[in-house]
Amino acid sequence: MKMSVLLAGLVMLMSLMATAVFSLPSSLGPTGILNVPTAETVTPGGFELMVAYDRPTVAHVGIDVLPVATLTYGLAHGEIGVSYFNIEGYTAVKSVHAKYIIARQSTKSPGTGGPNIALGAMYMKGDTAETDVYLVASGHTMDLHDGIGTTVATFGLLYQKPNDGGGSGKLTGMAGLEIGTPGKTTLGLDYIVKDIVAGSMFGATLRQPLTRTLTAQVGVGGRNRYFAGLSLKFGAK
């Protein structure tokens, strides 16, 4: 099925639901969209647990990653977490990640006072062994009509370096857009210009709260990638 058809289906589903939990895990663990981390974090003092299935394409072959398991803890000015990826036919990948909020957008007047700005890092060990460092800004851009909600745009820089010393580090750009209403349904789109392993990466994800703390998400990406998962918030007062 072509990406344009899948994306059109996500947009249609979004319009029917007409309802974003913007602070949810990306497919790698840090709070974000599908591929791109954002300058949002888990609620301070709370945890976010995600269990998911991912099917990317490597060398023209679909690879099952089951489970994807991530756990992230919210700090006063950031978050820390761990992730585990059981990759079919490969050594499982384990990672740790951290994010620090350098500047935070006003919660009293969203859209004023500048965007959230965050500095983050991720260390991965396994068949995919690399260190990622990123600087990202996320901010409210506009209110939409007819109950669709608001939009939050993300732009950032990503530096990636293999841990085995087999190559030099690479700097690339990334961007994302989230549409919806916090606590209801969100549509997210993101793009990494040139990932060190996968090249250009496009992603689209739809997230639907099932309860106040449990959220389901489905996603698609370039080269026939599919993603589905459940995330659970707990521990915050």
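Note that the structure is predicted; figures quoted are calculated from it, not measured.
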message = Measuring only between side-chain heavy atoms, which start at C-beta, is I80 closer than 4.5 Å to K99?
response = no
Test item: P37 and Y134 side chains (from C-beta on) under 4.5 Å apart, heavy atoms = yes
ask   = If you group Ile, Leu, Val, Met, Phe, Trp and Tyr by side-chain heavy-atom gaps below 4.5 Å, do M174 and I33 land in one group?
value = no
request  = Report yes if the side chains of V51 and L230 come closer than 4.5 Å at any heavy-atom pair, otherwise no.
outcome  = no
query = Which one of P30, S26, P25 satisfies the side chain to side chain contact (heavy atoms under 4.5 Å, CB included) criterion with T70?
reply = P25
Same cluster (ILVMFWY, side-chain, under 4.5 Å), M201 and Y191 = no
inquiry  = Any side-chain to backbone donor/acceptor pair from T57 onto R223? Under 3.5 Å, distance only.
reply    = yes
key: T154 side chain reached by V136 side chain, heavy atoms, under 4.5 Å   = yes
message = Tell me whether Q160 contacts the main-chain N or O of I196 through its side chain, where contact means a donor paired with an acceptor under 3.5 Å.
response = yes
Salt bridge (charged side-chain N to carboxylate O under 4.0 Å, His left out) against D195, all qualifying residues, sequence neighbours excluded = none
query = Are any of the side-chain heavy atoms of T172 and Y159 separated by less than 4.5 Å?
reply = no
message = Is a donor from one side chain sitting under 3.5 angstrom from an acceptor on the other, for E79 and T31?
response = yes
query = Between D190 and V36, is there a donor-acceptor pair closer than 3.5 Å when you use the side chain of the first and the backbone of the second?
reply = yes
query = Same cluster or not: are M122 and L157 linked, directly or through other Ile, Leu, Val, Met, Phe, Trp or Tyr residues, by side-chain heavy atoms under 4.5 angstrom apart?
reply = no
Ignoring hydrogens and angles, write down the donor-acceptor pairs under 3.5 Å from the side chains of residues 81-95, residues two or more places apart or on other chains.
residue	atom	partner	partner atom	Å
S83	OG	L28	O	2.9
N86	ND2	L66	O	2.9
E88	OE1	D64	N	3.3

query = Does one hydrophobic cluster hold both L71 and Y123, with members joined at side-chain heavy-atom distances below 4.5 Å?
reply = yes
ask   = For atom NZ of K161, is the number of surrounding heavy atoms from other residues, nucleotides or ligands below 6.0 Å larger than 12?
value = yes
ask   = Does any non-hydrogen side-chain atom of D132 lie less than 4.5 Å from one of L158?
value = yes
query = Taking a hydrophobic cluster as the set of Ile, Leu, Val, Met, Phe, Trp and Tyr residues connected by side-chain heavy atoms closer than 4.5 Å, whether directly or through intermediates, do F227 and L210 fall within one such cluster?
reply = no
Please list every donor-acceptor pair under 3.5 Å in which a side-chain atom of residues 41-49 meets a protein atom from a residue at least two apart or in another chain.
residue	atom	partner	partner atom	Å
E48	OE1	K233	NZ	2.7
E48	OE2	S231	OG	3.4

query = Are N116 and E40 close enough that some pair of their side-chain heavy atoms sits under 4.5 Å apart?
reply = yes
ask   = Distance from I117 atom CD1 to I101 atom CD1, nearest 0.5 Å?
value = 9.5 Å
request  = Determine whether I63 and D54 make a side-chain contact, defined as any pair of heavy atoms from C-beta on separated by less than 4.5 Å.
outcome  = no
inquiry  = Working to the nearest 0.5 angstrom, can you tell me the gap between L206 CG and I179 CD1?
reply    = 11.0 Å
Residues Q217 and T205: side-chain donor-acceptor under 3.5 angstrom = yes
